[in-house]
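Computed from heavy atoms alone, side chains included, the values below leave out hydrogens, waters and symmetry copies. So you know, we letter chains A, B, ... as the sequences are listed, proteins then strands, and number each from 1.
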Number of protein chains: 2
Amino acid sequence: MKTDLNENEDLSTQIAEAIRDAIIEGSLIVDQRLPSEAELCEKFDVGRSTVREALKRLAAQNLIRTQRGAAGGAFVNRMSFEEAYDQQITTSTLLLSMNRVDFETACEARYALERSCAPLSAQRRTPDQLATMRAEIHRQSQPGLTDEAFCASDVAFHRALVDGARNPVLSYQLAGAVEAMQPLMNMITYTQRDRDRIIALHSQIADALEAKDAAAANARLIDLETETLKLAKSAFAARR
Amino acid sequence: MKTDLNENEDLSTQIAEAIRDAIIEGSLIVDQRLPSEAELCEKFDVGRSTVREALKRLAAQNLIRTQRGAAGGAFVNRMSFEEAYDQQITTSTLLLSMNRVDFETACEARYALERSCAPLSAQRRTPDQLATMRAEIHRQSQPGLTDEAFCASDVAFHRALVDGARNPVLSYQLAGAVEAMQPLMNMITYTQRDRDRIIALHSQIADALEAKDAAAANARLIDLETETLKLAKSAFAARR
DNA sequence: GGCAAGTAAATGTCTGACAATTGGAAAGTG
DNA sequence: CACTTTCCAATTGTCAGACATTTACTTGCC
């Protein structure tokens, strides 16, 4: 691990970077214990608060975890898919909400990515995942459902579709794309007719996946994208 | 912003979460100044080091930036695509390297995602992006290129392909998928014949995109995936 | 052998101090 | 008045020392 620090960044930033690089490069491996705070103070020749701030930065990125007590300390964390999902969703959501990404762009990206899962999902989806989709479709058709709950169920449906590909890397990459759209989707008010059309498409998608018909699933996803775009357009037009 | 803290997590974690939620929820908007460290100390009734550790956590996630001096302080940061790319790449790389994701899974995900860009890229790629692809192909065919440099050029080629879709959200989502594969690809040693086959496919892909032929681009991407998988398989077989 | 108390190591938190940076106010100057 | 220089106050960055809390391990007792 490098210990020479001479950039014009904060000391805590430099130390965090040095440790992070060591983890990425592999000289610190999973579950390995980092030197104690006191040792790091000596090594980098800085005060303890500086070291602690560096460690907190790494903890915020799920790169390390800390444990109190005698055999405690900071340990290189095995990044779990679960943690990576959450990070991915937070980042994507903020990225979209802070950069006035237009609905068309986000929607296009999302459906392009989802369609890439469809063929795999048609091959591999489990009965469990099909059941989840059906359950969400059923939830969506219940009367008195708020728009927000409708959107949440929509997300759950699409996640089941993506998970159907049985590829954790794919699920991870798509988590952000699907979830980050939710705030944008929430800006739409759905009439009962809108919902009916969406639900019908969802059913057709589930049918296609059940029949292992990748082409049909793909076609219905395109229809759904078109439908979503149309809804969004009129919603944003009405807003003005 | 909530100020009541009673979980069994660290104080600094709780404070960071409270502020993060305020940013996500929208009660703190971009470029808005947070209260000074001293004010946050009072508000949450904790010491300054605790507040500072919380702020460092947020800074590590690019949620805030800090500025010293009279009109300084912590400001809500507009998450840029650039920052989001980097985060995404770091997370994806570590996720893959720490979880013994097999090459097949990662490769499948990567090419599935890339194929979702191909049709858009065929429509929209700029001359500049085509030129980048050609340049990388040329670099790849130079003799004496190390395997590592070959892989790096491969990544650059694929990024140009993805950027050709002219959808920043898509580019962002794919950055992780493409870059995170590089360490895995680096484990392969390429013979000259291997390289020639890959370069030929790259050329065909560039041709297809230039001709706006989405179907051909797609087909060649499938070939490239097959080729990559084959190479990886023999590489890992030889290793044993 | 098993249980309880104590001990040491480590992180978590607080306090107070000083350094470094920076914007703006005040003072001086033509 | 306009312009420059000086100074000041606010704020973050860093350090040192203290104490609290947690936890594994050791020691001693039964």
Side-chain angles (χ1 to χ4, degrees), chain A residues 1-20 22-23 28 31-77, chain B residues 1-20 22-23 28 31-77:
Chain A
M1 200 189 307
K2 276 197 297 189
T3 55
D4 54 326
L5 315 163
N6 42 12
E7 320 282 331
N8 50 6
E9 285 170 309
D10 292 345
L11 284 174
S12 66
T13 307
Q14 293 173 50
I15 293 172
E17 281 174 1
I19 299 176
R20 193 200 55 183
I23 294 175
L28 288 172
D31 290 334
Q32 188 173 339
R33 183 178 176 282
L34 271 67
S36 73
E37 294 177 357
E39 288 168 311
L40 289 171
C41 290
E42 279 201 3
K43 195 170 203 167
F44 291 104
D45 197 29
V46 296
R48 191 171 157 223
S49 21
T50 307
V51 165
R52 281 184 61 77
E53 285 173 14
L55 293 178
K56 291 309 164 198
R57 296 184 109 104
L58 298 172
Q61 299 176 274
N62 285 314
L63 291 176
I64 61 169
R65 62 179 185 278
T66 53
Q67 213 175 344
R68 292 172 78 164
F75 298 83
V76 178
N77 192 38
Chain B
M1 200 188 306
K2 277 196 296 187
T3 56
D4 55 324
L5 315 162
N6 41 12
E7 319 281 331
N8 51 6
E9 285 172 308
D10 292 345
L11 283 176
S12 66
T13 307
Q14 293 175 49
I15 292 172
E17 281 175 0
I19 298 176
R20 194 198 55 183
I23 294 174
L28 288 171
D31 290 335
Q32 188 173 338
R33 184 179 176 281
L34 270 66
S36 73
E37 293 177 357
E39 288 169 309
L40 289 171
C41 291
E42 278 202 3
K43 195 169 201 166
F44 291 103
D45 196 31
V46 297
R48 194 172 154 220
S49 27
T50 308
V51 165
R52 281 184 62 77
E53 286 174 13
L55 293 177
K56 292 308 165 200
R57 296 183 110 104
L58 298 172
Q61 299 176 275
N62 286 313
L63 290 177
I64 62 170
R65 61 179 186 280
T66 53
Q67 212 176 343
R68 290 171 80 163
F75 297 83
V76 178
N77 193 36

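A:D31 and A:R65 get closest at one heavy-atom pair: OD1-NH2, 3.0 Å. Contact record, B:A60 with A:R57: CB-O, 3.5 Å, taken as the closest heavy-atom pair. Listed here is the closest heavy atom pair of B:V46 and B:I15: CG2-CD1, 3.7 Å. In terms of heavy atoms, B:K43 sits closest to B:P35 at NZ-CG, 4.3 Å. When all heavy atoms are compared, the tightest approach of A:C41 to A:V51 is N-CG2, 3.8 Å.
Using a 4.0 Å cut-off on heavy atoms, the residues of residues 54-65 of chain B that approach DNA chain D are B:K56, listed by number.
Counting any heavy atom pair closer than 4.0 Å across all strands shown, B:S49 reaches a base atom. A:S36 comes within contact range of the sugar-phosphate backbone alone, with a heavy-atom separation under 4.0 Å but no base atom that close.
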Any N/O pairs under 3.5 Å between the protein and nucleotides 3-9 of chain D? List them or say none.
none

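For A:D10 and D:dT14, the CG to C1' distance is 10 Å, given to the nearest whole Å. The nearest whole Å value for the distance from the CG atom in A:L11 to the P atom in D:dT12 is 18 Å. Straight-line distance from the CD atom of B:E9 to the P atom of D:dT21: 19 Å, rounded to whole Å. Rounding to whole angstrom units, CD of residue A:Q14 and C1' of D:dG13 are separated by 12 Å. Note: CD (A:E37) to P (D:dC15) measures 14 Å, nearest angstrom. What separates CZ of A:R48 from P of D:dC15 is a distance of 13 Å, to the nearest Å.
Taking 4.0 Å as the cutoff to heavy atoms of chain B, we find the contact window on DNA chain C bounded by C:dG12 to C:dG23.
Interface remark: the A:R68 side chain does form a donor-acceptor pair with the D:dT21 base, using a distance-only criterion of under 3.5 Å.
In this structure a side-chain-to-backbone donor-acceptor pair under 3.5 Å is present from A:N77 to A:N62. For B:R33 (side chain) and B:G72 (main-chain N/O), a donor-acceptor pair under 3.5 Å exists by modelled atom type.
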task = Please lay out, stage by stage, how B:L63 and B:I19 fare under the test side chain to side chain contact (heavy atoms under 4.5 Å, CB included).
result = CA-CA 10 Å; B:L63 290 177; B:I19 298 176; over 6 Å; no
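Both A:A71 and B:A38 lie close to DNA chain D; mapped to their nearest nucleotides by heavy-atom distance, the more 5′-ward contact belongs to B:A38.
With A:S12 as the partner, the side-chain contact (heavy atoms from CB on, under 4.5 Å) test is satisfied by one option alone out of A:R52, A:E17, A:E53: A:E53. Results of the side-chain contact (heavy atoms from CB on, under 4.5 Å) test with B:R20 over B:I64, B:L58, B:L28 single out B:L58 as the only residue that passes.
For B:R52 and D:dG13, the shortest distance from a side-chain N or O to OP1 or OP2 is below 4.0 Å.
Atom CD of B:Q32 is surrounded by more than 12 heavy atoms from other residues, nucleotides or ligands within 6.0 Å.
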